[in-house]
Amino acid sequence: MVVDIQQAHIPVLCKEMLEILDPSPEKIYVDGTFGGGGYTKAILEKGVAKVIAFDRDADAIKGAESFKQEFGDRFEIIHDCFSALSKYIAPNSVDGIVFDFGISSYQVDEAHRGFSFRQTGPLDMRMGVGATYTAADVINTFKERDIAEILRVYGEEPRAKKIAQAIISARKNKPFETTQELATLIRSIVPSQEGFDPATLTFQGLRIFVNNELIEIEHALQQSNNCLPIGGRLVTVAFHALEDRIVKNHSRVPFSYQESVCAYTPINRKVVTPSLEEIKRNPRSRSAKLRGFIKEIKR
Ligand SMILES: C[S@@+](CC[C@H](N)C(=O)[O-])C[C@H]1O[C@@H](n2cnc3c(N)ncnc32)[C@H](O)[C@@H]1O
């Protein structure tokens, strides 16, 4: 079955992202997470000079073909990690940068990518460029202590130790191959709570490790400091506290830029979250947190 990646992903907080990024003609923007292209399209439709988009996932890059046809030179797609931002984007050269962190609905829904504990697929979880180990490599070959730390730190899983012990003992009989094998083991030892699958946090931790997600974000934000001019805008959408904390901390620390000290001024006093109506329409939006900043001279 061919899945249309643009149909599969409903952009989250898109209207709010546009209000805060405030794209205008003549200006150039970076979409660090192209995905199904929802944000890129919305920004291009504001008549901007150009959007340069990144994605590490080969399927997202394939999906970008139709954008090239529709928008021509006003659209460029780069198949790389957003942590390589400054390899492609010169200092002071773009007016706004947007990141919509995490995975797309398309990636979750494609069972063969191995992100979903609701479907059977190989224990993979690699988004694409820059991911070396699969989730199966971690589960079948890493030491118990390391698995526990990945689940504790990246999954915020309070039962990390217990789950790691159970993994080590199960893999002695047979290596894990599928998402269902791992999810079933976790469900057998962690009590389930209403509306929350016991495998959720383990899958989150593995995914973040496999894709180096938090370090990617730190690098990309550091590089954004230089790519944006004074007055440039940075907009981020985070889906869990670990991502959001990195953005919050980054935005609070001044940084040197050319001869000045700069800092980010928040555009909204409070973090922006989806309306009840959006959550109803798209339940995956429920944990989204949008923040927007303007780079300014501090002193
Ligand atoms: C939540 S989706 C973005 C959806 C997009 N805003 C839209 O409207 O369709 C996140 C996308 O970012 C990509 N991605 C995640 N981490 C990345 C990284 N470090 N570098 C480049 N792309 C990344 C994923 O492959 C995925 O396609």
Side-chain angles (χ1 to χ4, degrees), residues 3-18 20-21 23 29-46 51-64 66-67 75-89 96-110 113-115 124-132 154 204 207-224 227 235-240 242-244 246-247 274 278 281-290 292:
V3 176
D4 183 339
I5 190 163
Q6 276 131 44
Q7 293 295 319
H9 187 87
I10 309 170
V12 171
L13 288 170
C14 194
K15 184 168 79 56
E16 293 81 353
M17 176 280 294
L18 278 181
I20 290 174
L21 187 68
Y29 295 86
V30 166
D31 178 352
T33 49
F34 179 76
Y39 280 14
T40 289
K41 193 171 175 70
I43 299 167
L44 281 164
E45 283 173 351
K46 289 285 170 187
V51 173
I52 305 164
F54 288 70
D55 208 293
R56 68 198 300 185
D57 186 332
D59 287 347
I61 303 300
K62 264 187 236 140
S66 63
F67 275 61
F75 171 68
E76 185 181 339
I77 183 84
I78 295 169
H79 187 194
D80 207 340
C81 291
F82 52 56
S83 62
L85 195 71
S86 55
K87 192 167 137 192
Y88 304 94
I89 308 293
I97 302 179
V98 58
F99 296 107
D100 180 13
F101 297 123
I103 44 179
S104 65
S105 306
Y106 168 81
Q107 288 166 326
V108 187
D109 292 342
E110 286 289 278
R113 304 293 302 267
F115 288 106
D124 191 324
M125 298 197 194
R126 288 169 303 171
M127 285 189 209
V129 180
T132 314
Y154 290 157
Q204 175 189 304
R207 196 198 90 198
I208 292 177
F209 174 80
V210 164
N211 297 292
N212 215 9
E213 286 180 41
L214 303 184
I215 294 163
E216 278 286 318
I217 296 176
E218 278 170 12
H219 285 206
L221 294 177
Q222 281 296 338
Q223 292 169 38
S224 300
C227 297
V235 180
T236 62
V237 179
F239 285 85
H240 53 76
L242 294 170
E243 292 171 344
D244 192 48
I246 294 174
V247 174
E278 175 164 7
R281 196 165 23 90
N282 179 14
R284 281 176 178 163
S285 69
R286 66 186 171 277
S287 53
K289 287 198 161 80
L290 184 150

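Along the sequence shown, residues are numbered consecutively beginning with 1. Numbering of ligands and ligand atoms starts at 1, following listing order.
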- Message: Please confirm whether S83 approaches ligand 1 to less than 4.0 Å, judged on its heavy atoms.
- Response: no
- Indicate yes or no: at least one non-hydrogen side-chain atom of V237 is less than 4.5 angstrom from one of K289. no
- Query: If you count the atoms of ligand 1 from 1 in the order shown, which ones are under 4.0 Å from a heavy atom of D57?
  - Reply: 25 (O)
- Task: Tell me, please: is F239 in heavy-atom contact with ligand 1, that is, under 4.0 Å?
- Result: no
- Message: In terms of relative ring orientation, are F34 and F75 parallel, tilted or perpendicular, with 30° and 60° separating the classes?
- Response: tilted
- Note on the structure: Any heavy atom of R56 under 4.0 Å from ligand 1? The part involved is both
- Item | Any N or O of A60 closer than 3.5 Å to N or O of ligand 1 | no
- Ring centre gap for F99 and F82 strictly below 6.0 Å: yes
- Full working for salt bridge (Lys or Arg N to Asp or Glu O under 4.0 Å) between K62 and D55: CA-CA 10 Å; K62 264 187 236 140; D55 208 293; over 6 Å; no
- Measure the distances from the heavy atoms of N212 to every atom of ligand 1 and state whether one is below 4.0 angstrom. no
- Message: Please compare F34, F54, Y39 and report which has the shortest non-hydrogen distance to atom 5 (C) of ligand 1.
- Response: F34
- Is V12 touching ligand 1 with its side chain, its backbone, both, or neither, if touching means heavy atoms under 4.0 Å apart? neither
- Query: Out of curiosity, is E213 lining ligand 1, as in a heavy atom under 4.0 Å away?
  - Reply: no
- Is the closest side-chain donor-acceptor distance between T33 and D100 under 3.5 Å? no
- Query: Is the shortest N/O to N/O distance between F82 and ligand 1 below 3.5 Å?
  - Reply: yes
- Can you list the ligand 1 atoms lying under 4.0 Å from a non-hydrogen atom of F101? 1 (C)
- Task: Can you measure from CG (L85) to OG (S224) and round to the nearest 0.5 angstrom?
- Result: 5.0 Å
- Query: Taking non-hydrogen atoms only, is D31 closer than 4.0 angstrom to ligand 1 via side chain, backbone, both or neither?
  - Reply: neither
- Message: If you apply the rule side chain to side chain contact (heavy atoms under 4.5 Å, CB included), what do you find for V12 with E278, and how did you get there?
- Response: CA-CA 8 Å; V12 171; E278 175 164 7; 3.9 Å; yes
- Message: At less than 4.0 angstrom from any non-hydrogen atom of G102, what atoms of ligand 1 do you find?
- Response: 10 (C), 11 (C), 12 (O), 15 (C), 24 (C)
- Can a salt bridge be assigned to the pair R113 and D57 using a cut-off of 4.0 Å between side-chain N and carboxylate O? yes
- Message: Are any of the N/O atoms on S104, whether in the backbone or the side chain, positioned under 3.5 angstrom from an N/O atom of ligand 1?
- Response: no
- Checking salt bridge (Lys or Arg N to Asp or Glu O under 4.0 Å) for the pair K87/D80: CA distance, chi angles, key distance, verdict? CA-CA 10 Å; K87 192 167 137 192; D80 207 340; 3.7 Å; yes
- Going by the order shown, which atoms of ligand 1 are within less than 4.0 Å of some heavy atom of G37? 7 (C), 9 (O)
- Among N211, D55, V108, the residue with a heavy atom nearest to atom 26 (C) of ligand 1 is D55
- Which ligand 1 atoms, with their elements, are less than 4.0 angstrom from a heavy-atom of I103? 1 (C)
- Note on the structure: Interatomic distance, CG@N282 vs OG@S105, rounded to 0.5 Å, equals 6.0 Å
- Within the structure, does M127 bring an N/O atom to less than 3.5 angstrom of an N/O atom in ligand 1? no
- Message: Contact between I97 and V235 at the side-chain level, heavy atoms closer than 4.5 Å - yes or no?
- Response: no
